[in-house]
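Side chains are part of it too, since the values below use all heavy atoms of this structure and drop only hydrogens, waters and symmetry mates. The structure displayed is predicted, hence computed values, not measured ones.
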Amino acid sequence: MLFQYFNSRELIEISEIRETFDSLSVLVTLSEPMDEFIPSFFEELKTLSIRDSFELFFDVCGNHKKISDCTPVSLITLQEHITEYRDERQYNIDLRIKKNLIDCTLSIYFLEKLVDYMEEEALPNIFKTISINFSENIKFEVFSTIEQFGSNSIQFFQANQIIPLDQQSLELRRAEKLELLFENASIANTNLKLLPSDFYLLNDSNNHRLNNFFHRACATLSLMFISNSSEFKNNNLFSYKISGYKTIVCDGISLASLSDRYKLLYKIYAWAYEGGNSSDKIGLVRNVLSIHLDNNGNIIFDAKVWEAIQSNYQVYLKGNIQSYLEIKNKIGEIVIESTNKTFAMVDELSGSLKNNLFILLTFLLSVLVVDGTKDNGIKNLFSDYYLAIVLILSLFSGVWLYITKTELVKRFDIASEAIKEILKLNYNKILMESEIDECVDPVIEKNRKYLKEQINRYSKWWWIILILFVLSFLLGNRYFSAIENTKDNKEILNTIKTNQSITAIR
């Protein structure tokens, strides 16, 4: 890999390396033998990501050759240049790599140099660049040895180790939260498409500077989502305004100072934007922050402010306690009704199987009445004709059983999802989504388990009945066929003996 190659030859310190999210440029002046370095460097170019394209300028005495691929023709071009200037001691290597985003993945070749860029570049510019490349997640494939780290939606992983993002943990309500942000706040100097959770590291990297950048970005975004308005002053300073019981303007806040508070700021953001009536919760947060100030009139972000937010929320809930209790009771009634519908579905399955059994018994009794009173009635009952009817009837019965099972589970799932959506749509002003899920999900899961257990139980018994029904006719058919064959064989033998006797008399 390129990093290991430069590191092993101690070239990083003497090279001019600049890496961004979009490109990498490496410029180095060398004096070691060209015929040794250039071929080995050419081989290293083959380790670049297939997503990216490059241009290599090999300059000697102001004359350069350019290649943009690793074909044999390109190698010959470099070797010819080496031969032409073999006596020269110094030469320049200028490598320019253009990165391309494919499958939400970008390459990183010199991680430390990327961190240099992230520290030097203005934070709003980085937000803008990542937003351009961002859809639902972004992955950085690092071409050096690292341990995987990142957030729910931004991950760094070592090249050639495919570690996909956990789709279950990806942000599912991104558009809703951004819409809520723009409804409740104004943001200047940025085209924001990111959430604080994008920079909330689930596991830290081994690079302290990179961790600090993520903490700073997470804290800044959290504060932008909480504030009424915010603005970047320059690379290092940030201003925001919060209008609650009072209007507080904090001007020229150091971005570095926010890093230490990122966990609390993110906690406040996450609580305000997750579930329930988020607009009211955002307003409540602003009210509390506007009066939680130090002697200089600046907002204090500490454990006490979080406790104050939770206390005020309890007061808010008590103001809606009557509605809260009524809704909880209503949800209980809906859950009970859902359980009753599950029992009704099981009864429906039981009724369907009883109807199937009635059809089989009706068929059996009809055959016995029609053929049982006739001569050879039992033999006719197990004839090939009736066996074929039994097989067809059993086949249709089995297919009908499968369709009934599938439709019952499908109907249950659709009905359960509809109940949850209706509850969330109607009662999210008073209850958080997590509260609704806690009330409904366990009952739905229990009812679904009960329904599937009953379906499996009834299905097992029905298949046993069908198998016994088919086997009885099949065995009866084989038995009477064997008797008929034996009888025919005896008649043939008697005929042969009679013919032999007549011949002997003659």
Looking at [X] and [Y], does any basic side-chain N land under 4.0 Å from a carboxylate oxygen?
| X | Y | result |
| --- | --- | --- |
| Asp116 | Arg209 | yes |
| Glu307 | Lys304 | no |
| Glu119 | Arg216 | no |
| Lys65 | Glu80 | no |

I'd like to check [X] versus [Y] (side-chain heavy atoms, cut-off strictly below 4.5 Å). Are they in contact?
| X | Y | result |
| --- | --- | --- |
| Arg18 | Tyr117 | yes |
| Leu289 | Val305 | yes |
| Phe21 | Leu114 | yes |
| Lys113 | Ile12 | yes |
| Ile242 | Thr247 | no |
| Leu293 | Ile248 | yes |
| Val26 | Asp94 | no |
| Leu195 | Tyr269 | yes |

Count the heavy atoms of every other residue, nucleotide or ligand shown that sit under 6.0 Å from [atom1] of [X], and state whether that count exceeds 12.
| X | atom1 | answer |
| --- | --- | --- |
| Glu183 | CD | yes |
| Asp103 | CG | no |
| Glu32 | CD | yes |

Centroid separation [X] to [Y] less than 6.0 Å:
| X | Y | value |
| --- | --- | --- |
| Phe110 | Phe143 | no |
| Phe127 | Phe199 | yes |
| Tyr85 | Tyr91 | no |

Under 3.5 Å, is there a donor on one side chain and an acceptor on the other for [X] and [Y]?
| X | Y | result |
| --- | --- | --- |
| Gln158 | Gln148 | no |
| Tyr109 | Asp52 | yes |
| His215 | Asp260 | no |
| Asn100 | Lys98 | yes |
| Asn206 | Glu147 | no |
| Arg286 | Ser243 | no |

Can you classify the ring geometry of [X] versus [Y] as parallel (below 30°), tilted (30 to 60°) or perpendicular (above 60°)?
| X | Y | value |
| --- | --- | --- |
| His81 | Phe58 | perpendicular |
| Phe301 | Tyr240 | tilted |
| Tyr5 | Phe41 | tilted |

Worksheet item: Checking ring pair (Phe, Tyr, Trp, His ring centres under 6.0 Å) against Phe225, which of Tyr266, Trp271, Phe182, Tyr273 comes through?
Response: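 Considering Tyr266, Trp271, Phe182, Tyr273, a ring pair (Phe, Tyr, Trp, His ring centres under 6.0 Å) with Phe225 is found only for Tyr273.
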Identify the heavy atoms of [X] and [Y] that sit nearest to each other, and give their distance.
| X | Y | answer |
| --- | --- | --- |
| Lys99 | Thr20 | NZ-O, 2.8 Å |
| Ser107 | Glu19 | O-OE2, 4.0 Å |
| Gly150 | Gln155 | C-NE2, 3.5 Å |
| Ile82 | Ile38 | CD1-CB, 3.6 Å |
| Met224 | Ser230 | CG-OG, 3.5 Å |
| Phe42 | Leu78 | CD1-CD1, 3.8 Å |

Roughly how far, to the nearest 0.5 Å, is [atom2] of [Y] from [atom1] of [X]?
| X | Y | atom1 | atom2 | result |
| --- | --- | --- | --- | --- |
| Leu223 | Leu265 | CG | CG | 6.0 Å |
| Ile268 | Ile282 | CD1 | CD1 | 12.5 Å |
| Lys139 | Thr105 | NZ | OG1 | 4.0 Å |
| His292 | Ile299 | NE2 | CD1 | 9.5 Å |
| Ser144 | Leu111 | OG | CG | 6.0 Å |
| Phe140 | Cys104 | CZ | SG | 11.0 Å |

For the backbone of [Y] and the side chain of [X], can you confirm whether one donor and one acceptor N or O come within less than 3.5 Å of each other?
| X | Y | answer |
| --- | --- | --- |
| Ser15 | Ile17 | no |
| Asn125 | Glu121 | no |
| Ser278 | Ala272 | yes |
| Lys267 | Tyr262 | no |
| Glu55 | Lys66 | no |
| Ser40 | Glu36 | yes |
| Ser290 | Tyr245 | yes |
| Thr220 | Ala217 | no |

Fill in: The single option from Asp204, Asn212, Asn211 passing side-chain hydrogen bond (donor to acceptor under 3.5 Å, both in side chains) against His208
Asn212
Practice prompt. Please step through side-chain contact (heavy atoms from CB on, under 4.5 Å) for the pair Ile154 and Asn137, ending with a clear verdict.
Written response: CA-CA 6 Å; Ile154 299 179; Asn137 65 79; over 6 Å; no
Fill in: Check against side-chain hydrogen bond (donor to acceptor under 3.5 Å, both in side chains), Asp251 and Ser239
CA-CA 4 Å; Asp251 194 22; Ser239 297; 2.3 Å; yes
Practice prompt. Determine, step by step, whether Asp302 and Arg261 satisfy the side-chain contact (heavy atoms from CB on, under 4.5 Å) criterion, reporting the C-alpha distance in whole Å, the side-chain angles of both residues, the deciding distance to 0.1 Å, and the verdict.
Written response: CA-CA 8 Å; Asp302 56 11; Arg261 306 169 188 170; over 6 Å; no
Practice prompt. Take Asp198 and Ser153 through the test side-chain hydrogen bond (donor to acceptor under 3.5 Å, both in side chains) and record every step on the way to the result.
Written response: CA-CA 5 Å; Asp198 296 328; Ser153 50; 2.5 Å; yes
Worksheet entry | Ile102 and Ile50: CA distance, side-chain angles, deciding distance, side-chain contact (heavy atoms from CB on, under 4.5 Å) verdict | CA-CA 10 Å; Ile102 298 177; Ile50 59 174; over 6 Å; no
Practice prompt. Please report the C-alpha distance between Thr71 and Asp69 in whole Å, then the side-chain angles of each, then the deciding distance to 0.1 Å, and finally whether the side-chain hydrogen bond (donor to acceptor under 3.5 Å, both in side chains) criterion is met.
Written response: CA-CA 6 Å; Thr71 61; Asp69 56 47; 2.8 Å; yes
